[in-house]
Each structure stands twice: as C-alpha cells, then as structure tokens.
Amino acid sequence: MPEEPAHRYTAALAGQIELAWQDRWQQAGTFRAPNPSGPLGDGFDKVADRPKLYVLDMFPYPSGAGLHVGHPLGYIGTDVYGRYMRMAGHNVLHTLGYDAFGLPAEQYAVQTGTHPRITTEANIAIISAQLRRLGLAHDDRRGVATTDVEFYRWTQWIFLQIFNSWYDVEADKARPIAELEAALASGREPDSGTNPSGLAWADLDDVERRRVVDAHRLAYLHEAPVNWCPGLGTVLANEEVTADGKSERGNFPVFRRPMKQWKMRITAYVDRLLDDLDKLDWSDSIKLMQRNWIGRSEGARVTFATVTPDASIEVFTTRPDTLFGATYMVLAPEHPLVDVLAADAWPEGVDSRWTSGASTPREAIEAYRKQAARKSEIDRQAESREKTGVFLGMHATNPVNGDQIPVFIADYVLMGYGTGAIMAVPAQDDRDWDFATAFGLAIVRTVQPPEGWGDVAFLGDGPAINSSFLDGLAVAEAKVAINDWLVEHGHGSRTITYKLRDWLFSRQRYWGEPFPIVYDEDDLPRAVPDSELPVLLPEVDDYSPRTFPIDDVTSDPEPPLGRADEWVEVTLDLGDGPKVYRRELSTMPNWAGSCWYELRYLDPTNENAFVDPEVERYWMGPQLDGDLGGVDLYVGGVEHAVLHLLYARFWHKVLFDLGHLSSSEPFRRLVNQGYIQAPAYTDERGFYVEASEVTERAGEFFFDGQPVNREFGKIGKSLKNMITPDDMIAEYGADTLRLYEMFTGPLDQSRPWETKAVVGVFRLLQRIWRNILDEETGQPRVSNDDADEETVRTLHKTIAAVRDGMESLRFNVSIARLTELNNHLTVRYPNGGVPRSVAEPLVLMLAPLAPHTAEELWARLGHDESLTWTPFPEADPALLVDDTVEIPVQFNGKVRARITVAAGLPKDELEAAAAGDPGVIELLDGKTIRKTIVVPDKLVNFVVA
RNA sequence: GCCCGGGUGGCGGAAUGGCAGACGCGGAUGGCUCAAAACCAUCUGUCCGAAAGGGCAUGCGGGUUCGAAUCCCGCCCCGGGCACCA
C-alpha cells in the first residue's frame, strides 16, 4: 500500500528536481561569468560594479574508473563557497577542466592499441556527466582539457618562451635570450660554468657560441641521473621501482644512470620563490613544506687537495666549524672525480673492511656502483640502513691541519645535493658516525658534548675543542671564524646551497605534449617558430618505446614518437633557408599543462594569445599594494604541496618577467582540502586487494579466503578501494551527497567515508521540506504572520553563524546551525505556519549547500527567478546579543555554580553579583578567597583555600 | 630516514586559553499502529550513588597558567609528500 505522501522529499523526488534544475541552469547559462572584454564579455555591464572572485579547483585526471567520492569533496567545497560569494555580491568565476595527459591512458594504449585520445575522451565524457549530476555552478564554456590541441599549442608556446629566456641575475628576472646574445656580442662575460672552453666570445665559432647561449637558457639539455629500465625501454619513477631494483611492471632490472634530458632552471628562481611565500595567503604548514623543499642552507665550500693535480675535491658543508674533525671524505658513487682519483692498487696494509674483498680499487668501485645503481634515493638516504662503501685507495689533504684523510665512495652521499661529495665528521654527524664505526675510521670530537653524553655523535651547540684557533668558540662564532680563515687562505668560500634541483622535464612517452624543438646537423636544439605551432602529436602504430635486452645499461632510449617515421624529420626554414631537421622525440611531463591551466580558463577561446592581458588583469591582477595577484581561492589536495605548486609558481613568474602577466603569483589564497579516506586491504605479500571483495568475520578481514590487513588511505585505484558518487546520488540525490561531504568536517580535514551516516543529512532536507511544504499537496504551508521574538533572534544568530562557516570553509558548522534553526521551527510550528519571513532566509541559506532543493522550495514559495543572484540574508547585530547571560562560577577552575545576570555587566558588578549569590555564599563558607578572576559575560573564578 | 599534518564519546565532529562533547550517525525507552516501516518525543562520555550530588575524562608522560582539548617540551600511533603516479 502506497502510504507515502505524494510530495514527500524522497530520493526519487530529489532526482527529478535535480535534473530539472540542472537543465534549467544550463539553458539559462546561469553560471556564466562575463569577462570584461572579448568573446566571453557578454553581460559584463550587469556585473561591472561587483567585486570579482576567481575560485579554482585542482583539476582531475580523467581516470577510467571515473570519479570516486573523494574527488568531489573539494569541488563541492569550492562550489558552496562560490555560490555563497555570488549571493554575497561577487562576480564569481568557477569552472573545471581536465589534466588529461598521463601514463594510465598510455599504458592502456600499449596493451590494447586503443589511441589514448579515444580513452581519454571517453573518460572525460563519463566524468563530466558525473560532475554535472552534482549540480556544480561551473561556467561550462571554460572547462578546457590539457590534451586539447588548442590548449597544448599554448603549452608549447610557453615552453618556447622559457627556452628563449635566460635569468639575468643583475636584473633578478628572466629576459629574452636575444638580449643575452646582444650583450655577449658587446663584451658581456658568460655566466660561470657556461663556457667550458674559457675562450673569449670573439674567439668562439658559431657552434661554440650557440653552446654557450644554450647553457644560459631556462630550458636546457643536461645529463641527469634517471632510473633506466632497458627491458621496458623507458625511464621509471622511483615509485615504479621495487625495493630490490626491479620494475614494478615486468620485474626487469632498473639501472640508475645519467641520461641527456630537458631540464628547467627553476633554481634561478629559488630566492623569489622563497621570499614571495611571505605574501601569500597559504597555510603555514604548506609554506613550511615549500621552504623545506627548497632547502636553503648557508654554509661553506671547502677544497681538499689530492695527490692528483687539478683534481681537488670540493665539498659543501653547513658545519665548516667542524673541519678539524673531518677524518675522511666520501664521494657519491656517480661522482665524475671517482674515475680520475681512484688508485691503481690498494696501498700497503689496507684495512680489509675498506676493499670489499676486491683485488683493486677500480674493481671494488665498479662492483659497488652496480649495487648502488639498483637502489632508490629514498632507500639510500634511510638512516637506519647499514652503511656501505669502498675506499678509493687514495687520500686527500684536510686544509686546516694538513692531515691525510682517506677518500671513499658510499651511496649515502647523493650526486644531486651540494657538490656530490662530503667531508665526513663522525663526531658531529650520525650517518658519518655509523660509517666511521663500521669502517674503523678515526673519530675526533670538535664540539664539547655535555657531561655524560653517550657514545654517539653530538649535533648540538657547545665550545669547540681539538680545533686549534677555534677552541672555545660556540658553533656560530666558530663558523664565522673558519669561513674567514678559508677565504683568507684560498681553501674555500661562504656559499648558499639549496636542496631544490632543476626540474627534469623530458619523458620518454607518447601521451604528452611534443616539444616544439628540432635538432640541426650539429645536434643542437632549435626552436620551432611560433607560426609552426602546434606541433601535433603524430599517429603511431605502436605506443610503446623500443625495448632492449634487460641488462643493456648503455643503450639510449627510443621513445614512441620515434616510430612516426614521417614526422621525425621535418623541413623548416629557420631563417637560413629550408633545411631538414630532426624532431625532439620525448614529450613533456604531466605537470606542464597544470602549470598554467588557470590562465587558460580565463580566455579559453583566444587564438591570438594564451590569455588576453586585460582579461588576466581583471581576474588575477594585484589588487592592493604588496599584493602579487593570483586566483582568489585555490583548493586541492596537500599531495601537491611542493611539486605542482612550485612548478606552477615558477612558470607564472617567468611569464610575469617576460611581460605577459600582471600577476606575479598564480594562487593568492590556497586551501588544502582533506582526503576522504576509505579502508584498503593488503595481502601477505603487501599487495593491495580489491576492497569491495573483502569480507569481515569477527573483526578479522578476508579476501578470497585469505586473511588481509586493513589500513585507511586515499580512495583510488592504487589502493583498490573505489567508492563512487553515483551510488550515493541514486540512493539519496546529489544534494544529500553534497551536504554529507560538507557535514563530515571542515574542508581541510581528512575523514573516513561512512555510508551509513549519509541518512542524517537526507533527513535534514526532508524536515526542511516538510516545514515549508505540505507533503500531501506540495503547496507552501508558511504563514505571513510575524515571527515571535525568540524565533527572530534564533534566525539572526543562525545567519551570523552560517555566514561565518561559509567564509571560513567550515561548512559543517553552517549545516549544524541550519539544523538547529530547522529543529526550532519544527518544535515551534508543529502544524505548519512557519512565518515566511523565516522560511525564505532559511531557503536562501540552504542554497549554496543544497542548491537544487533550495531552488525548488524558492520556486514553490512563489518566486519566478532562480535564487542564484538573490542576496544572502544579513544578520542584524542588535538581535545577536541576549539581554541576560548565564555565567558559570568556578572554584579553582571547576564550575560549582551558575548565576544569571544582565549582559555586558562590568567586571566589579559581575564579581559582586557572583559573591552575593546565595548558592555561592554557601559554597564559600569556611573558605578563604585568595584571588578572583572575572571575565565579563564569560565567567567568575574564585581561587580559594 | 627526512619534511608536513592529525589523534576529543561506540562513530563523524563542536568548542582554538574560560561551562568539553553543539549538530548528526548509531543505541535505548516511549508514543502512533492490528503489526511493521516511516514519523514524533525523551534519554545516551565514564565510574560511584536510590537520588541529590560527586570523582574521572580530549593518544601517553611532563611543564606553563587562577584556568589547558587549545600554549611549551619529550614520546607513541595514524595519514600525506619525497622530484617520471596524478
């Protein structure tokens, strides 16, 4: 029997309402944000007097699995905020595109032969349907994908801007490379390290000059160590390499070796990337992560002479004050000096621990390098690991005391940081201590540890000892003194180093942006002219790179683009007549598109520029003195705290330097949303198993009959624990899903998914609906009577609290306060008749959170227009304060009584009222008041004995 | 290993130096009903107590303060990142 009232708020009704409103919004173009000019400029005059607001989400990768319930957390958050701010009077720009180049589509293509574009477009279609169903207020004209030809054409253009630039340290900004060429021609010295020949510019031939210029560019070719997997024919990410040095796919050996790669000179920007952090509205934790990642440290370079002339070892140290305690040295196994320095034979009486049993140093080095090449960097830095290494059979001279100290290679020293070599001071460094202990090396303390310090390194401050002229100085003083000494005697200099390395920009893959670069007969790179853009990704019949015998370390990769024979060679006229050139075969990394997509959203159809300057200035330009400009609110996962956010800041600054942008930072305010976590399960081997097929018996978890371990982590394919929004929408509707995700906690907090708790917010919508509409007829059951004073006060307190929650992105509190208001109405008006003067603000406050339901209620209350542009209710400050307040009276900080007094009672009167209260007098009997703390409107605390 | 974040009832959370546990889920009891569901009402941190009332309680240990979930120090556990996953 269908007992249910015809107009009750059910999942079916919610679904109908939602689809109808989504169609209506789309037809009306409700969420289209007009630009100040250009093709998207229609209707700007209507919003010209509003402040602008640019809200941005980190865009999704269109994975084949579609969206999971974790994705929309941020999207709903920005949607609620954007809708609220629009009602609060702003011109809001909000849209969403796709970060669509990437490995999964390519790997699928390798396996199936399906073109990644087909897979990607199908995935985008699925995801955009999922997103549309959430009712997000996006401007549908702006949602570009990084794989669109008209998008990556500009990614290539920006690459060329970077390629055709150099960093002028004097001017502290990037400048066009042509200006460098002009300066070099008129006598400017090349930057250090860019002219290995040492000859004057006039004495260089054309090719040598081009090499010098190329070495200045912000995008340049460089030998960089990578994980080379000949069996797969490609370079792998550290995460694709297993602990024992095999590829995760295929289980082939992986070798760490240098390879010629494109790099981006992000290190030229370190100081600006650091300094400008101060001006950004980002959380302190993210700023700290970026600072630590950049890793600026002040220290000294110290030169250690060896018996080989012209082959002294340069080290960077942050502790030059400990130089007297340097009892040995370590080079990274890949360090170029290793081959130069290594002795031909072991010295007489060499310690057997130093040789690893090899008969000559070179033999030991070769074996050790092989072993080190199989380890990941994370592994190599793990402090817990046992220290390994081999002796080079030779010594270096400690410049301060002339001691001959042995030189080793060891994998705990990395080529990528500092100079790739260290002076080892076991007494003041844990890793050096462990190594020295294992190899029987001398340990000399040069900082006095405190009394009773154990048999371990001492990293703290204390007076210098065993250090000649430094003795007695504290660490900071000793650093200054030794630096002066090093400079004076020509053994070193004060320097600053950074952990940040230049950005490795090449990928030996198919599904990415082709480089707009060709090589000439001298094998030097040349820019493809802007008029030849885009360089289209060619068709190939096989998406995999050429593979090699699994232990062929030395062969060079042949990326998939090499299979496009007709494409690889191209005839161009680069100003010296038509010639045949060979194209760059690698593609750009996935990060490239995400470095500038926020700019393209502003002007997605522009064919003449990546963005129109006027449009960019309107949406992202600096607003006040000291403001650097950028997106007004950027929301995304904290996993992008360093890489994406640093790369995007870097590109933005280059474009700013070259005069293409008015803003010098891309993201003015950043909020990291939390994760929705879900249980994931690993089997005995540590591999993830499909979470939906795991069963629970008596608190234990089983997969396919075998016990598995439960952990909580990010939802997604890698943990095999997908939960999709589609099921939730089918069961409750999109507004309920939106409310649930916003209700489970503040936006920046992670939370576990709990399907059975979703019903709570569904009931809230149902109760609001019932308080406003008759469930039998669907007609309003509100009255035009005035609300009573308590209801009016409750309404205004709710408005203030809801606004506060919206602005601080703590929507859970806004929802709780709306629930309280609605509960109050349910009790006060059990038979209907909620005053319209309360019902309407309630609907408007609900609108950013549950827009479909709110629109429907608003329409049924008799409004023809969408409430999207209706002003958000404002609280009357006079109604926020009550006439009387209840004050807790504490004894020694514990509440013992309560008194009710007039609000705003001054301190002395409040104290008198508390002391005069009969209950308090009784409690005070026999006690002495030592002190009284009075906080008006808050509490009274008697400190008694 | 290094860097960042988090830990409050059975569960999600509220309170950011001033009444710990708002709001919701779950649970209990009652109403309505022939009955069930739905709905409505009341209760629901824990221990002692018939009650009144009181003790304990915000991962663990210490500290600052009249007063600490909140600030400081040390530890434990969980999550994120570590440069070619996105």
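Below, read A as the first sequence line, B as the second, and so on, with proteins coming before strands; counting in each chain starts at 1. Heavy-atom basis, side chains included; hydrogens, waters and symmetry copies ignored.
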B:rU64 - base-pair partner by Watson-Crick or wobble geometry, distances under 3.5 Å: none
Would you mind pulling out the nucleotide paired to B:rA38, Watson-Crick or G-U wobble, both distances under 3.5 Å? none
So which nucleotide does B:rG53 pair with, by the Watson-Crick or G-U wobble rule with both distances under 3.5 Å? B:rC48
Could you check whether A:F743 and A:F811 have their ring centres less than 6.0 Å apart? no
Take the protein atom CZ of A:R763 and the nucleotide atom P of B:rA38, then report the distance between them rounded to whole Å. 8 Å
For A:I286, answer base if it contacts any base atom (sugar-phosphate contacts may also be present), sugar-phosphate if it contacts only those atoms, and nothing otherwise; contact means non-hydrogen atoms under 4.0 Å. nothing
Taking any heavy-atom pair under 4.0 Å as a contact, classify A:R291: base, sugar-phosphate, or nothing. nothing
Figure out the CZ/C1' separation between A:R767 and B:rG24, and round it to whole Å. 10 Å
With heavy atoms under 4.0 Å as the rule, sort A:I815 into base, sugar-phosphate or nothing. nothing
Check this for me: does the side-chain of A:N292 come within 3.5 Å of the base of B:rC3 through a donor and an acceptor? no
Regarding A:R649 and the six-membered ring of A:W282, is the cationic atom NZ or CZ under 6.0 Å from the ring centre and inside 45° of its axis? yes
Modelled atom types, side-chain donor and acceptor of A:E775 and A:Y9, under 3.5 Å: no
Just the rounded figure in Å: distance from P of B:rG13 to CG of A:L739. 17 Å
A:N238 side-chain N/O to B:rA83 phosphate OP1/OP2 under 4.0 Å: yes
By the Watson-Crick or G-U definition, both distances under 3.5 Å, B:rG12 is matched with B:rC23
Under a 3.5 Å cut-off for both distances, is B:rG5 Watson-Crick or wobble paired, and to whom? B:rC78
Winner on side-chain proximity to A:N812, out of B:rG13, B:rG26, B:rG79, is B:rG13
